[in-house]
Amino acid sequence: MYYARAKKFTMSDKEKLYIFDTTMRDGEQSPGASMSVEEKIQISRVFDEMGIDIVEAGFPIASPGDFEAVSEISKIMKNSIPCGLSRALKKDIDACHESLKHAPRFRIHTFISTSPLHMKHKLEMTNEQVLDAIKESVTYARNFTDDVEWSCEDGTRTDMDFMCKTVELAINCGAKTINIPDTVGYSIPEEFAKTIKHLKNNVPNIDKAILSAHCHNDLGLAVANALAGVSEGVRQIECTINGIGERAGNAALEEVVMAIKTRNDLMPYNTGVKTELISKASKIVSNATGFPVQFNKAIVGKNAFAHESGIHQDGMLKNRETYEIMTPESVGVKKTSLVMGKHSGRHAFKDKLSDLGYSDLTDDIIQAAFGKFKVLADKKKHIYDEDIVALVDDSLIVDNKINAINLKSLKVFAGTGEPQKAEMTLDVYGDIKNTTETGDGPVDAIFKCIKKLFPHDVKLSLYQVHAVTEGTDAQATVSVKIEENDRTTVGQSADTDTLVASANAYLNALNKMLIKREKKAPSQNIKHQKVKGI
Ligand code: KIV
Ligand code: ZN
């Protein structure tokens with residue numbers, strides 16, 4: 001059982017609070033937040049290292065991409081328990097089992113709506129029919145694993161007597177975790193806590209399952225609601241990195257974990273999460289989804305540990321605790337430090353990478369990043385930790401696949417008066433091709449060149465530039481998101497030349513799209529279907 005295994009992370013004898021991450025399932029349901037299989041694998045490696053107890057890796061019936069991601073992730077997880085979502089349908093549960101079966105332990109998470117509103121308008125089912133579906137789905141899922149989680153969708157708008165019946169039935173059928181979703185983010189802390197208390201007091205077999213909270217953030221109360229649930233007996237919180245998810249998102253993992261850690265005097269639980277990896281996880285998820293993190297976002301925002309006002313700075317210098325309730329280091333944020341220059345060697349570079357949390361890179365990646373570092377050191381006066389991180393992330397992107405299309409050279413003519421023009425040479429499947437295009441701005445001219453050299457029809461849905469550090473010689477990280485039918489890819493690149501980064505980011509997204517186009521459904525037995533309405 002994973003309970004015993006999760007103990008491995010336990011740093012103390014405090015009661016365990018399980019962390020269930022759903023970044024790659026509910027998080028991916030944010031409009032436009034789709035992630036590639038490779039990106040999900042990269043994310044799950046970090047989650048595994050962080051000691052997240054359960055990782056919901058996708059909704060296997062929903063698409064071949066989801067199926068493949070869950071399947072690949074289930075092969076690599078060493079510490080976390082991989083999990084897949086299914087409706088109360090045998091074919092969904094079969095897809096979960098098929099994709100998760102490579103893992104020594106896995107969880108099947110099955111759900112059905114229980115609120116009058118959902119049952120009448122969405123499911124068109126009676127209470128009795130819903131009870132039958134719960135019995136059938138949970139019992140069926142138990143054929144494949146003893147780790148079955150059941151959720152009552154729209155739980156917080158469900159009649160309490162009916163909820164008690166459904167929960168008792170799910171536990172009787174073998175569910176080991178009962179999840180109470182605030183699907184539409186409607187609850188408030190006092191009410192959510194009352195719901196949990198009611199279940200604890202009125203469901204006779206409630207002690208045979210772990211109670212879980214799954215709170216959405218429509219009123220900005222997701223974390224507060226989940227923690228209120230803990231005060232009445234919740235021992236698993238479902239959450240996502242950066243709080244991404246449907247509409248306003250889910251409870252943010254980093255906020256839940258750091259609240260428990262920082263106020264352990266009032267919430268004496270142990271999540272076992274290695275908090276020093278939070279910042280890394282946040283960046284990886286933001287890069288993969290193309291969703292920037294708001295500057296003032298708790299824990300992972302750029303300003304979360306910045307002290308601007310004179311009074312605060314003065315206080316901080318005298319004693320950090322005057323204005324700091326947790327240290328930046330505790331979430332993996334290191335003070336921006338000036339690092340090596342152009343005379344630094346490969347060995348020092350490798351040490352620096354390991355300091356920055358990149359201890360498991362292959363020699364090829366290190367070599368590629370070191371080459372880029374040397375080029376950057378020639379161009380840029382001060383190189384900071386953030387620059388190195390951007391270089392490594394860039395090398396990881398390129399390493400993901402052998403790209404079909406690569407930028408060979410780019411010249412851009414920009415400024416007032418003239419129409420902006422780009423001259424570009426691309427290597428397209430080994431053919432060297434060049435062209436010139438004008439555009440409505442230099443980026444438009446660049447993207448037109450790419451379209452001319454490799455004709456394709458995609459919608460550009462996001463173009464975003466971030467400066468990695470301060471100063472006019474800062475590297476820029478560019479993110480580009482493109483869409484084609486129901487496929488979305490996000491490309492990224494970093495360079496001191498924003499226009500070169502723009503071209504490479506677009507090409508990165510395009511190369512990923514070509515890979516997606518080629519992908520076949522991984523399992524012939526599973527008929528995937530677009531799943532709406534969760
Ligand atoms: O919000 C929700 O109700 C869900 C369930 C599928 C758990 O995501
Ligand atoms: Zn949800």
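In each ligand, atom 1 is the first atom listed, and ligand 1 is the first ligand listed. Values in this document were obtained by computation on a predicted structure and should not be read as measured data.
An N or O contact shorter than 3.5 Å links His216 to ligand 1 by distance. At least one N or O atom of His214 sits closer than 3.5 Å to an N or O atom of ligand 1. For ligand 1, the polar-atom distance check finds no N/O of Glu238 at less than 3.5 Å from any of the ligand's N/O atoms.
For the Zn ion (ligand 2), the count of nearby protein N, O or S atoms, meaning those under 2.8 Å away, is 3.
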Requested in this report: Begin from the C-alpha positions of Thr177 and Glu149 and carry the test side chain to side chain donor-acceptor pair (under 3.5 Å) through to its verdict.
Outcome: CA-CA 5 Å; Thr177 304; Glu149 170 170 333; 4.6 Å; no
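Here Thr183 has heavy atoms under 4.0 Å from ligand 1 in both its backbone and its side chain.
Counted within 6.0 Å of NZ on Lys200, heavy atoms from surrounding residues, nucleotides or ligands total more than 12; the atom is thus considered enclosed.
Between Asp154 and Tyr186 there is no side-chain heavy-atom pair separated by less than 4.5 Å. In this structure the side chain of Thr110 never reaches within 4.5 angstrom of the side chain of Asp92, judged on heavy atoms. Side-chain contact between Lys16 and Lys14 is absent, with no heavy atoms from C-beta onward closer than 4.5 Å. Proximity of Met163 to Cys152: side-chain heavy atoms (C-beta onward) are separated by under 4.5 Å at one or more points.
Between Lys165 and Glu168, none of the side-chain N atoms (NZ, or NE/NH1/NH2) sits under 4.0 Å from a carboxylate O, so this pair counts as no salt bridge. The pair Glu56-Arg107 does not meet the salt-bridge criterion, since no charged nitrogen lies less than 4.0 angstrom from a carboxylate oxygen.
Residue Asp26 approaches ligand 1 through these ligand atoms, each under 4.0 Å from one of its heavy atoms: 8 (O). Each of the atoms 2 (C), 3 (O) of ligand 1 lies under 4.0 Å from some heavy atom of Pro181.
Heavy-atom separations between Glu246 and ligand 1 are all 4.0 Å or longer.
Relative to atom 6 (C) of ligand 1, the option among Glu153, Gln29, Arg25, Arg87 with the closest non-hydrogen atom is Arg25.
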